[in-house]
2 protein chains.
Amino acid sequence: MHRRTAATSLGNRHLLDFMSQAKGNNHKKAGQRHTRPLDSAQSIVQNPYEPSKGLISTMSSRPTTVTLKQVAAAAGVSVSVASRVLNGHAKAYRISDQTEQQVRGIASELDFRPSQIARSLRLQKSKMIGVVIPDLSNPFFAAISREIALAVEAEGFSVLVADSRETTSIEQELTGELQSRQVEGLVVCPVGVDGSHLLTVHQSGLPIVLVDRGFPDFPMMQVTSDHRRGSEQAAELLLAQGHRTIGILQGLPGTLPNEERLGGLRETLQRHDLKWDADLVDGDNFTEQSGYESTHRLLSKRPDITALFALSTPNAMGALRATQEQGIQVPDELSIVSFDDSPYSDLMAVPLATVCQDVPRIGKQAAALIIQSIQAKSPPKFEIHQVTTKIVKRSSIAKASPR
Amino acid sequence: MHRRTAATSLGNRHLLDFMSQAKGNNHKKAGQRHTRPLDSAQSIVQNPYEPSKGLISTMSSRPTTVTLKQVAAAAGVSVSVASRVLNGHAKAYRISDQTEQQVRGIASELDFRPSQIARSLRLQKSKMIGVVIPDLSNPFFAAISREIALAVEAEGFSVLVADSRETTSIEQELTGELQSRQVEGLVVCPVGVDGSHLLTVHQSGLPIVLVDRGFPDFPMMQVTSDHRRGSEQAAELLLAQGHRTIGILQGLPGTLPNEERLGGLRETLQRHDLKWDADLVDGDNFTEQSGYESTHRLLSKRPDITALFALSTPNAMGALRATQEQGIQVPDELSIVSFDDSPYSDLMAVPLATVCQDVPRIGKQAAALIIQSIQAKSPPKFEIHQVTTKIVKRSSIAKASPR
DNA sequence: ATGAAAGCGCTAACAT
DNA sequence: ATGTTAGCGCTTTCAT
């Protein structure tokens, strides 16, 4: 109570002092600055206060943990009563109103927070779910993590995130780590080439859902875009504009999204009685670098190419950069379509036509599945959820014309 | 052992079957597809296997947790011996080589994973750190989270992430939640307007570091860019091109990054004997919407503006959109500089000059501080780390000329 | 060289 | 209406 008040008033003071404080700091630093080169990656450290005065003195050096036992003692009741009250079982146990108030009062006065660790151990449920992502800084995966975090928080779960750095062996370690932390469920965006460890997890009975890069023959829950249909949409668009020779900038071969996108394209071409030419496929990753290199290779190898289909946004960005270098006009000399949207695709040098994935929906779906699977005590289902994509036409596509 | 083998061989089979499987799936779905409108946000659910056969039968319906006790029993030793062996204290306790091998063997055979929950309770340390972020889908914050995750994982910590949705009250709840989960440290990117709860956390003795939006008068560890210096760089650039009337698209007023960026600009102008005109500042958030609206307002209100300084990338994107609508040529009629980089800034309709923040460094620094603070038993330091920015000139800036 | 037992903080029978 | 106690899985004294 007392502490709370102090904190608040300081919070206010902060706003009042904001500008002047900041200016003060700046003056002190002014001298130093000019001694460093402008773009050196250094950071300035300030230690404005001596350790011995003001606020700091009220601070304990170790986190102070108030236990239920202490609350009970302070309230003059047994731990069981305290526990029951604080878990809302007061009336179920006919605890007197007076006792209840007493306990509640003391608890909030002491700022009691039940140890979730102890709780987890006792209840045999951690209320945590694990999320394993190949690259948290990739906006696609970040958005998915976010949806999952928001959705499961609403159900009282916390999320442990782990970044596998696009590496299967790390993914394997991390899932193990999360299991030993007793997560109640696992959402993983697999790196996508070998998933045997995921199968092991699944067989152990831990609820698991795979997102984006899945394994169609693994009998577990999976959610991805309908890559195949998305590719179809892109292909139809290109074909309608008269394109017959389409270069493909692929991502990581062997992964489900890559193969499905390729498959959708191939089928569509065949349906239009065009032969499938493996020579037109190039690339080895979902990265900008890969897109850049394959564009250069494809364009020099095959001058008859009139359009490029990039299997990811970074692949498309690489293509943009490569065409810029070669002085090729998009879309006049070459059309480009991309899979995957980025927020500013429409503000690019040439606004990029794109097969958009419904990222929020993918995330929400994954969250819903894992929660449901945790709460239902039934054995995990095998369900593959394919989320519909949407094609957005932008000016990077035009009628086919020879380069 | 047995299970492991089965899993691996299945993983291989998957690769072989990949294409045909996928094609099979597709055929089955073909009929359904055409009954749905193309862009409906629906997802297709498949349940390819009946629950009663093949792999599924080997799967237990509840997660099967092997305990230390079971390992000990199977190995014919006491739990203490088992514990000591598995924690690498074998020789320290002169445990016989034979016993050690015995225990190790059984443990790996049973795929034993020590319960971190129990361990945490006993050791009074969770080996978890909490990360609170205003918006996990924002690439800036996502990148910071990633750096933190990678760095702390290396030290054996796991990270609990929480998304505060740019809302102080949620941030407050989440920090409480994380505290009760016994995290050993907290990294928070505060929403930035009221931080009293963070002060309370700090006073409780839990290590905490603030990132990006800090509070200069809170005596705790903080790391942000050197916003002030960054702004200075941008301003100097604009001034050198002859700009004298600069419109400012600001972010969330009252937050440290916003005020510092504003401050740096103001100082630079004053140093060049230009008066500070508050009328030239517009905007209420770090969003594209805010940037878009303030651009429209500023340009119609002040025809003498020759350059725009956007205090965030989204603000700048809003400006780009607004100028496109008004048919204003950038940079010929109007120059734009932005704070904050985005990966594809150079591929935008007009490549955007930018004050780049060293995001990875910010993240690494935060991680290093929290780890160090957890490991050192000394009371938390008050240190503000300012990470140097770098200005990147691109073609969105040109000599000043009247519109 | 190994074991027994206490106890981390909590919940839920099982007493009164 | 409230208290006592066992035990979740683990580590670590303290015995032997």
Side-chain angles (χ1 to χ4, degrees), chain A residues 62-104 106-107 110-128 179-184, chain B residues 62-104 106-107 110-128 179-184:
Chain A
R62 283 296 83 198
T64 158
T65 317
V66 179
T67 72
L68 186 63
K69 198 166 152 188
Q70 290 168 19
V71 173
V77 298
S78 69
V79 285
S80 24
V81 169
S83 169
R84 299 197 256 251
V85 167
L86 297 173
N87 287 316
H89 301 328
K91 51 229 66 170
Y93 282 89
R94 301 135 191 258
I95 284 164
S96 76
D97 232 55
Q98 196 206 347
T99 317
E100 172 164 6
Q101 291 320 313
Q102 170 73 349
V103 172
R104 297 211 118 92
I106 298 282
L110 263 42
D111 196 26
F112 168 73
R113 292 174 196 288
S115 159
Q116 292 301 329
I117 295 278
R119 214 146 187 287
S120 298
L121 183 60
R122 174 64 234 238
L123 269 1
Q124 291 295 293
K125 40 168 70 180
S126 62
K127 293 302 256 176
M128 297 194 298
Q179 274 183 284
S180 83
R181 288 201 183 267
Q182 319 283 110
V183 294
E184 294 185 53
Chain B
R62 282 299 82 200
T64 158
T65 316
V66 179
T67 71
L68 185 64
K69 198 167 151 189
Q70 290 168 18
V71 173
V77 299
S78 69
V79 284
S80 15
V81 168
S83 168
R84 299 198 256 249
V85 166
L86 297 172
N87 287 317
H89 301 328
K91 53 229 65 172
Y93 281 90
R94 303 139 192 257
I95 285 164
S96 76
D97 231 54
Q98 197 205 347
T99 319
E100 172 164 8
Q101 292 319 314
Q102 170 74 351
V103 172
R104 294 212 121 91
I106 298 283
L110 263 42
D111 196 26
F112 169 71
R113 292 173 195 289
S115 160
Q116 291 303 329
I117 294 279
R119 215 148 186 285
S120 299
L121 182 59
R122 174 65 233 239
L123 268 3
Q124 291 295 296
K125 41 168 69 180
S126 62
K127 294 300 257 174
M128 297 194 298
Q179 276 183 282
S180 82
R181 287 199 183 269
Q182 320 283 111
V183 293
E184 294 185 54

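Each chain gets a letter, A, B and so on, in the order its sequence line appears, and its residues count up from 1.
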For Ala107(B), which residues count as a side chain to side chain contact (heavy atoms under 4.5 Å, CB included) partner, sequence neighbours excluded? Val71(B), Leu86(B), Phe112(B)
With sugar-phosphate meaning primed atoms plus P, OP1 and OP2, does Thr99(B) contact a base, only sugar-phosphate, or nothing at under 4.0 Å between heavy atoms? sugar-phosphate
Spacing between Glu100(B) atom CD and dT2(C) atom C1', to the nearest angstrom: 14 Å
Could I get the full list of side chain to side chain contact (heavy atoms under 4.5 Å, CB included) partners for Ser120(A), not counting sequence neighbours? Ser126(A), Ile117(B)
Residue list, side-chain hydrogen bond (donor to acceptor under 3.5 Å, both in side chains) with Ser180(A), at least two apart or on another chain: none
Using whole Å, report how far CG of Asn87(A) lies from C1' of dA12(C). 11 Å
Enter the distance from Arg119(B):CZ to Lys127(B):NZ here, rounded to the nearest 0.5 Å. 9.0 Å
Nearest whole angstrom, please: distance from the P of dA1(C) to the NE2 of His89(B). 17 Å
What nitrogen or oxygen pairs link the protein and nucleotides 5-8 of chain C at under 3.5 Å?
| unit_1 | atom_1 | unit_2 | atom_2 | d |
| --- | --- | --- | --- | --- |
| dG7(C) | N2 | Arg122(B) | NH1 | 3.4 |
| dC8(C) | O3' | Gln124(B) | NE2 | 3.3 |
| dC8(C) | O2 | Arg122(B) | N | 3.3 |

Of the listed nucleotides (dG3(D), dG9(D), dT2(C)), which one gets closest to any side-chain atom of Tyr93(B)? dT2(C)
Spatial distance of atom CE (Met128(A)) from atom CE (Met128(B)) [nearest 0.5 Å]: 5.0 Å
Between NZ of Lys91(B) and C1' of dT2(C) the distance, given in whole Å, is 17 Å
Determine which pairs satisfy salt bridge (charged side-chain N to carboxylate O under 4.0 Å, His left out) with at least one residue from residues 80-95 of chain A, sequence neighbours left out, and list them in order. none
Is a donor-acceptor pair below 3.5 Å formed from side chain Arg84(A) to base dG3(D), judging by atom type as modelled? yes
Under 4.0 Å between a side-chain N or O of Ser78(B) and OP1 or OP2 of dG3(C)? yes
Spacing between Gln102(A) atom CD and dT2(D) atom P, to the nearest angstrom: 11 Å
How many Å lie between CZ on Arg94(A) and C1' on dT2(D), as a whole number? 13 Å
Once you round it to whole Å, what is the distance between P of dT12(D) and NZ of Lys125(B)? 10 Å
Gln70(B): side chain to side chain contact (heavy atoms under 4.5 Å, CB included) partners, not counting sequence neighbours: Val66(B), Thr67(B)
How long is the line joining CD1 of Ile95(A) and P of dT16(C), in whole Å? 19 Å
